[in-house]
Amino acid sequence: MYLSGLRIFTCFVMSFFIVEGFSAIQREKVYQALSGDSAELLTEAFDNLSDNQPVHLAYKGALLMRKAAFASTPQQRLEYFNKGREILEKEITKYPDNVELRFLRLMIQENSPRMLGYNTNISNDIVFIEMHYKTAERDLRKEIERYAKKSKILNLSN
């Protein structure tokens, strides 16, 4: 009886670490694609995400918005951007206290052309991220730190 319970517990712990490791690798690939200059990396990262996890849907939204820069026509650019915006905003509405979703939006807002008008939440997102940064997952903190070093608006030294 004791061995059976121990095996179940061991399997549970191992599966938790496998899932956590997978999400950390996936997160890294998404952020590499978002910060890079490759439509192929964006497509690959997008295609490897599921539609049943809130963070994955938010990733897809952000990746679509970033992919707009690589579209061949202005109409396609706007379609990608608006579709991604809709997805990301829907997930933020459902999970407003998720630091990563707010961070994704901040990244997109800071780097989007002003004419798109996607910059109204910058101040709120900065305050939210700075307040909750220290309680975020280690891998996410690493991505936020990396971004803050290049960002003109996000400062973690406060």
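Numbers here are sequence positions counted from 1. The structure presented is a predicted model; accordingly, all values stated were derived computationally and were not measured.
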Within a strict 4.5 Å, meaning less than it, do heavy atoms of the Asn119 and Arg114 side chains meet?
-> yes
Within residues 90-106 or reaching into it, pairs that qualify as salt bridge (Lys or Arg N to Asp or Glu O under 4.0 Å) - sequence neighbours excluded | Arg27-Glu100, Glu89-Arg105, Glu91-Lys94, Arg102-Asp125, Arg105-Asp125
All pairs passing salt bridge (Lys or Arg N to Asp or Glu O under 4.0 Å) where residues 68-80 contributes a residue, at least two apart | none
On a heavy-atom basis, the closest approach of Gln76 and Ser72 is OE1-OG, 2.7 Å
What's the spacing between Leu57 CG and Leu88 CG if we round to 0.5 Å?
-> 10.5 Å
For the residue pair Leu154 and Ser151, what are the closest heavy atoms and their distance?
-> N-OG, 2.9 Å
Atom CG of Asn111 and atom CG of Leu106: how far apart are they, to the nearest 0.5 Å?
-> 9.0 Å
Closest heavy-atom pair, Ile144 versus Val99, reported as atoms and distance to 0.1 Å, is CD1-CG1, 4.2 Å
Quick one: does Ile92's side chain get under 4.5 Å of Leu104's, heavy atoms only?
-> no
Do you know the tightest heavy-atom contact between Phe70 and Ser38?
-> CZ-N, 3.7 Å
More than 12 heavy atoms of other residues, nucleotides or ligands under 6.0 Å from NZ of Lys150: is that the case?
-> yes
Taking side chain as C-beta onward, heavy atoms only, is Leu41 less than 4.5 Å from Lys29?
-> no
hydrophobic_cluster_shared for Ile153 and Leu34, side chain cutoff 4.5 Å = yes
Donor-acceptor contact below 3.5 Å, side chain His56 vs main chain Leu49 = no
If you take all heavy atoms of Arg85 and Leu116, which pair is closest and at what distance?
-> NH1-O, 3.7 Å
Any luck finding a side-chain donor-acceptor pair between Tyr59 and Gln26 under 3.5 Å?
-> no
Quick one: CG on Leu140 to NE2 on His132, what's the gap to the nearest 0.5 Å?
-> 12.5 Å
Leu64 and Phe46 have their tightest heavy-atom pair at CG-CE1, 3.8 Å
Check against salt bridge (charged side-chain N to carboxylate O under 4.0 Å, His left out), Glu145 and Lys142 | CA-CA 5 Å; Glu145 289 167 4; Lys142 183 175 122 182; over 6 Å; no
d(Asn155 CG, Glu130 CD) to nearest 0.5 Å is 6.5 Å
By ring-ring contact (aromatic ring centres under 6.0 Å, His included), Tyr31 pairs with (sequence neighbours left out) Phe103
Can you list every salt bridge (Lys or Arg N to Asp or Glu O under 4.0 Å) pair that touches residues 53-71, not counting sequence neighbours?
-> Asp37-Arg66, Asp51-Lys60
Calculate, to the nearest 0.5 Å, the distance between atoms NZ and CZ belonging to Lys134 and Arg141 respectively.
-> 10.5 Å
Kindly determine whether Glu44 and Asn48 satisfy side-chain contact (heavy atoms from CB on, under 4.5 Å), including the steps that lead there.
-> CA-CA 6 Å; Glu44 181 183 324; Asn48 288 323; 3.7 Å; yes
Just checking, any donor-acceptor pair under 3.5 angstrom between side chains of Gln75 and Thr73?
-> no
Does anything in residues 105-125 pair up under ring-ring contact (aromatic ring centres under 6.0 Å, His included), and if so which pairs, sequence neighbours excluded?
-> Phe81-Tyr118
Leu78 and Tyr80: same hydrophobic cluster, using ILVMFWY side-chain contacts below 4.5 Å?
-> yes
What pairs with Thr135 under side-chain hydrogen bond (donor to acceptor under 3.5 Å, both in side chains), at least two apart in sequence or on another chain?
-> none
